[in-house]
Amino acid sequence: MSWFTHLLKQSKTESIVFVDVGAASVAGGYVHFSEKAAPTMVYTKRVEIAIGTDESHEKAMARALTTLGEALIREGAPALYRAVGHGNISSILVSISAPWQKTIMRTERFEDKKTFTFTRHILAEAVKNSTTTPEGKMLVDESVIAVMLNGYEIPNPIGKTVRRATVIVLTSFIDESVARLIAVALGALFHTKRVLSIAGSSLRYQALRTAFKHERNALVLDASGPEIVISLIRKGRLRATTEAKSSEEGNSEWVQDVTKSLAEIAKRFPLPRTIFLIAEPNKASIIKETLDKANLGSLWLTEAPPKIVTVLPSHIALVKTGTEASPDLPLLLMTLYWSEHGHDDI
């Protein structure tokens, strides 16, 4: 996704299929976007991934995705027709989470003794200078999340005269084999060839920036998959991200994993006192209770614990949910992300 081009996007009416691929389940939905109204989630469906005996996780996921796709065609398409008068979709956005995705953050710097003009070519070069794609992986998303000119973040940097420029890029990869499985499953069901993919952790971070614009300093603890992803937002932009493999939520090893990751970030930056928690509904309360009981305050050099905010569907007030849809948080975050960035190419 090109970070700066969304400033030029044109509003339009369209219907999108969102597909969320997680470690434990897959979900899908139809969302209608209109120039004159808030996005409306018309239909949603979530299918658990049940791994059979001697069956790989990937094969079980593909089977669940096929079941989901059939429901989207059999139930979702008629629901879309009833809501907007037609069943046409313009794009499919697939969010792929751990264990099949990897997201890294990198910083590209440009400096000269003489002043120079920051151009689109320089920005393109920053994105192009990506980390080598690991074997068996596929590059799916390079998002420019911040541009600093002469030490200051500039929302519209093109054409500015500078001596120093820093571009922060979020780069995401997914497993090639999983990408093929998803393409086959969705390609057999939908006519559109515009199937876009993005790493789940990258999407959720960017969506939360929109949902909580007033919180310019916060930690995001994404425990929606088998890995814990902790991101630091300072002054409205991503400054650090770290991952740790997680054991069962609530036990001492899980607390140690989270504490260690937070401590690594604390070595470089002061920690904000607000933590946004993203987790499956049946696990969120356990995780929050565990974190409330843990002695996390010591990382802030105080006995007062940080404020933990469990992200709920009700927080995504910019998206309406229709009568044939459920308020599914990952799909709501995908809708919020598309509202900000989706008219551009990913």
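From a predicted model like this one, the values you see are computed outputs, not experimental measurements.
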Test side chain to side chain donor-acceptor pair (under 3.5 Å) applied to Thr103 - qualifying residues, sequence neighbours left out: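 Expected list: Gln101, Ser172, Ser201.
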Glu176: partners by side chain to side chain donor-acceptor pair (under 3.5 Å), with sequence neighbours left out: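 Per chain and number, Glu176 pairs via side chain to side chain donor-acceptor pair (under 3.5 Å) with no residue.
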All pairs passing side chain to side chain donor-acceptor pair (under 3.5 Å) where residues 264-274 contributes a residue, at least two apart: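 Every side chain to side chain donor-acceptor pair (under 3.5 Å) pair that includes a residue of residues 264-274, provided the two are not neighbours, is Glu264-Lys267.
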Taking [X] for its side chain and [Y] for its backbone only, find out whether a donor-acceptor pair lies under 3.5 Å.
X	Y	value
Trp300	Pro305	no
Asp328	Lys45	no
Arg194	Ser91	no
Asn217	Lys235	yes
Lys102	Ala98	no
Thr67	Arg63	yes
Thr44	Ser326	yes
Glu55	Gly52	yes
Arg164	Asp112	no

Donor-acceptor pair between [X] and [Y] side chains, under 3.5 angstrom:
X	Y	value
Thr115	Arg163	no
Ser177	Asp175	no
Thr171	Arg106	yes
His32	Ser15	yes

Lys288/Asp292 under side chain to side chain contact (heavy atoms under 4.5 Å, CB included): CA gap, chis, key distance, verdict: CA-CA 6 Å; Lys288 186 177 186 305; Asp292 284 335; 3.1 Å; yes
I'd like to check [X] versus [Y] (side-chain heavy atoms, cut-off strictly below 4.5 Å). Are they in contact?
X	Y	result
Arg46	Val26	no
Met334	Leu336	no
Thr242	Ile265	yes
Thr241	Leu232	no
Ile233	Val220	yes
Val19	Leu65	yes
Val255	Thr290	yes
Thr210	Gln206	no

Do [X] and [Y] share a hydrophobic cluster (ILVMFWY, side-chain heavy atoms under 4.5 Å, transitive)?
X	Y	answer
Val229	Val21	no
Phe269	Leu271	yes
Ile154	Val144	yes
Val195	Met138	yes
Val184	Phe190	no

Candidate pair Leu196 and Val94, rule side chain to side chain contact (heavy atoms under 4.5 Å, CB included), full reasoning: CA-CA 6 Å; Leu196 311 171; Val94 185; over 6 Å; no
Closest approach of [X] and [Y], non-hydrogen atoms and distance?
X	Y	answer
Ser95	Gly200	OG-CA, 3.3 Å
Ile73	Pro78	O-CD, 3.5 Å
Glu48	Ala64	O-CB, 3.9 Å
Leu149	Ala165	CD2-CB, 3.8 Å
Ser202	Ile198	OG-CD1, 4.3 Å
Gly28	Leu72	C-CD2, 3.8 Å

Any pair counted as ring pair (Phe, Tyr, Trp, His ring centres under 6.0 Å), so long as it reaches [range], sequence neighbours left out:
range	result
residues 59-110	His57-Trp100
residues 219-241	none
residues 195-244	Phe212-Phe276, Phe212-His315

Working to the nearest 0.5 angstrom, can you tell me the gap between [X] [atom1] and [Y] [atom2]?
X	Y	atom1	atom2	answer
Tyr337	Leu203	OH	CG	6.0 Å
Leu262	Leu221	CG	CG	7.0 Å
Phe18	Leu333	CZ	CG	11.0 Å
Leu332	Met41	CG	CE	4.0 Å
Arg180	Glu58	CZ	CD	11.5 Å
Ile174	Ser197	CD1	OG	4.5 Å

Lys/Arg-Asp/Glu bridge criterion (N-O < 4.0 Å) met for Arg82, Glu324: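 Looking at Glu324 together with Arg82, the answer is yes, because their closest N to O distance falls below 4.0 Å.
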Val140/Ile96 under side chain to side chain contact (heavy atoms under 4.5 Å, CB included): CA gap, chis, key distance, verdict: CA-CA 10 Å; Val140 293; Ile96 303 169; 5.9 Å; no
Pair Tyr152-Val147, side chain to side chain contact (heavy atoms under 4.5 Å, CB included): steps then yes or no: CA-CA 8 Å; Tyr152 297 93; Val147 176; over 6 Å; no
Within 6.0 Å of NZ in Lys137, more than 12 heavy atoms from elsewhere: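 For Lys137, atom NZ is crowded (more than 12 foreign heavy atoms under 6.0 Å).
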Whether Phe33 and Trp338 hold their rings parallel, tilted or perpendicular, with breakpoints at 30° and 60°: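 Aromatic pair Phe33/Trp338 classed tilted.
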